[in-house]
K.L.:
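To start, I am sharing the structure in question, which I have written as structure tokens.
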Amino acid sequence: MIKKNATLLMIFICFALVLSACGQKPAAQSLSEPQNASAGKSTAASEPKKETKLDEIKKKGKIVVGTSADYPPYEFHKEIDKKDGIVGFDIEIAKALAKDLGVQLEIKDMKFDGLLAALDAGNVDFVMSGMTPTEERQKNVDFTKIYYTAVQSVVVRSEDKDKIKSIDDLKGKKVGAQKGATQEKIVKEQMPASELKALGKISDLMLELKNKKIDALVVEVPVATAYLSKNQDLALTDMKLQNEDSGSAIAVKKGSPELVDALNKSLDKLLADKTIDKLVAEANDLVE
Ligand code: ARG
């Protein structure tokens with residue numbers, strides 16, 4: 001009986017030894033094959049490495065940015081050498097990002113409220129449009145770090161500057177904001193006694209204000225200053241608004257962490273050496 005048990009135990013030990021030797025075999029093999037070619041191939045076959053968005057962009061040699069070019073000094077139309085072009089510091093930053101990736105930049109101009117849908121549909125690879133990374137937007141898209149921050153302001157007709165000095169003075173009046181922009185929410189929440197008029201393009205809102213179709217317009221200070229430099233009949237008020245949503249970041253479709261990382265790395269560089277400050281100043285000079 002004891003002998004039988006001992007034999008069984010021996011058989012079991014032998015089995016275990018054989019099994020463990022089998023388990024070690026691939027490791028021993030890869031040691032003798034420094035390039036590990038066969039092992040690499042077999043993992044690639046069983047689990048093909050998915051091409052990332054970043055790989056795809058580099059392969060195409062082109063990255064497409066979506067923007068709403070109604071937003072000087074961020075992005076705006078300007079005639080250069082008798083040809084219409086899109087300029088601004090967002091555009092210059094986008095060019096620098098494309099250069100770091102080693103690809104060409106293509107610009108697609110559209111209404112601000114269509115940008116995230118274009119991103120979702122894959123019509124653009126990223127959105128750069130003075131866009132604030134709000135909590136709500138973060139549910140649907142990823143953002144890089146903030147590369148620029150501005151403060152909100154209220155613009156009125158110069159002739160009304162002495163009459164419209166507070167949110168209270170806007171009671172019952174029409175206040176404009178860009179459709180789909182954070183300014184729309186600011187009017188709704190901080191000026192509940194005013195009537196919101198939301199339009200797709202800031203340039204149209206400025207016209208509405210000049211033509212007395214609206215009485216005030218909520219817009220970020222750098223943009224207000226840019227438009228005012230060409231419109232003596234418009235003026236900036238001293239009204240202070242709550243500004244918890246501010247700052248511009250780049251939006252990327254969810255699920256491309258490699259692209260977000262690459263863009264953040266470039267932004268870090270442009271922020272650290274103050275290139276962005278320089279591009280903002282140059283864009284302001286272009287506003288004329
Ligand atoms: N920062 C605001 C937002 O994210 C307004 C941006 C408007 N940008 C533009 N290019 N028109 O909603």
Side-chain angles (χ1 to χ4, degrees), residues 64-78 84-95 105 107-120 123-124 126-155 175-191 196-209 214 216-228 236 241-252 267 276 279-280 283-284 286-287:
V64 184
V65 61
T67 195
S68 170
D70 60 349
Y71 217 53
Y74 294 71
E75 47 264 334
F76 55 107
H77 285 264
K78 188 173 171 82
D84 174 64
I86 297 175
V87 295
F89 68 81
D90 270 355
I91 304 300
E92 291 308 316
I93 295 171
K95 280 186 195 161
L105 178 73
I107 303 166
K108 284 195 182 164
D109 182 21
M110 58 193 82
K111 282 187 184 151
F112 186 77
D113 65 337
L115 286 168
L116 292 186
L119 188 62
D120 195 50
N123 294 337
V124 300
F126 69 112
V127 165
M128 213 166 167
S129 201
M131 187 177 271
T132 305
T134 61
E135 237 169 75
E136 198 153 326
R137 289 176 183 151
Q138 283 178 40
K139 287 181 197 150
N140 302 312
V141 292
D142 285 335
F143 282 98
T144 60
K145 62 175 53 194
I146 287 176
Y147 58 85
Y148 184 75
T149 305
V151 179
Q152 310 292 342
S153 67
V154 179
V155 179
V175 182
Q178 185 163 38
K179 210 182 248 172
T182 50
Q183 287 75 19
E184 214 183 2
K185 198 170 139 212
I186 290 177
V187 176
K188 280 188 205 154
E189 289 179 355
Q190 299 182 41
M191 304 169 177
L196 166 71
K197 178 149 192 191
L199 293 180
K201 286 276 176 189
I202 301 269
S203 34
D204 291 334
L205 285 162
M206 292 287 175
L207 275 179
E208 294 274 296
L209 183 58
I214 56 176
L217 176 55
V218 178
V219 72
E220 277 160 89
V221 171
V223 181
T225 311
Y227 275 99
L228 263 49
L236 202 62
L241 298 171
Q242 287 160 35
N243 199 20
E244 68 272 8
D245 276 337
S246 64
S248 299
I250 301 172
V252 169
L267 286 178
I276 295 191
L279 296 177
V280 172
N284 273 316
L286 281 181
V287 168

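Remember, it's 1-based here, ligands and their atoms both numbered in the order they're listed. Keep in mind that this is a model prediction, so the values were computed, not measured.
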K.L.:
Which atoms of ligand 1 sit under 4.0 Å from any heavy atom of Ala181?
P.N.:
5 (C), 12 (O)

K.L.:
Return the residue, atom name and 0.1 Å-rounded distance of the protein heavy atom closest to atom 9 (C) of ligand 1.
P.N.:
Tyr71 CG, 3.3 Å

K.L.:
Answer yes or no: does atom NZ of Lys201 have more than 12 heavy-atom neighbours from other residues, nucleotides or ligands under 6.0 Å?
P.N.:
yes

K.L.:
What verdict does the side chain to side chain contact (heavy atoms under 4.5 Å, CB included) test give for Leu116 and Leu119, after you've listed the backbone C-alpha separation in whole Å, the side-chain angles of each residue and the deciding distance to 0.1 Å?
P.N.:
CA-CA 5 Å; Leu116 292 186; Leu119 188 62; 4.2 Å; yes

K.L.:
Atoms of ligand 1 less than 4.0 Å from Glu220 heavy atoms?
P.N.:
1 (N), 2 (C), 5 (C)

K.L.:
Are side-chain heavy atoms of Leu196 and Val175 found at a separation under 4.5 Å?
P.N.:
no

K.L.:
Counting only heavy atoms, tell me which of Gly130, Ala69, Ser129 gets closest to atom 8 (N) of ligand 1.
P.N.:
Ser129

K.L.:
What do you reckon, does Tyr74 put a non-hydrogen atom under 4.0 Å from ligand 1?
P.N.:
no

K.L.:
What I want to find out is whether Glu184 reaches Lys179 closely enough, with some N-O distance under 4.0 Å, to be called a salt bridge.
P.N.:
no

K.L.:
I would like to know whether Phe89 and Tyr74 meet ring pair (Phe, Tyr, Trp, His ring centres under 6.0 Å); could you show each step before the answer?
P.N.:
CA-CA 5 Å; Phe89 68 81; Tyr74 294 71; 4.6 Å; yes

K.L.:
Suppose I only count heavy atoms of Asp70 and a 4.0 Å limit; which atoms of ligand 1 are within that range?
P.N.:
9 (C), 10 (N), 11 (N)

K.L.:
Nearest non-hydrogen contact with atom 5 (C) of ligand 1 belongs to which option: Met131, Gln178, Gln152, Gln183?
P.N.:
Gln183

K.L.:
Pair Val154, Met191 - check side chain to side chain contact (heavy atoms under 4.5 Å, CB included), show working.
P.N.:
CA-CA 11 Å; Val154 179; Met191 304 169 177; 4.0 Å; yes

K.L.:
Report the member of Leu115, Thr182, Thr67 with the shortest heavy-atom distance to atom 2 (C) of ligand 1.
P.N.:
Thr182

K.L.:
Record the part of Arg137 in heavy-atom contact with ligand 1 below 4.0 Å; permitted values are side chain, backbone, both and neither.
P.N.:
side chain

K.L.:
Whether the side chain of Asp70 engages the backbone of Ile202 through a donor-acceptor N/O pair (distance < 3.5 Å, no angle test) should be reported.
P.N.:
yes

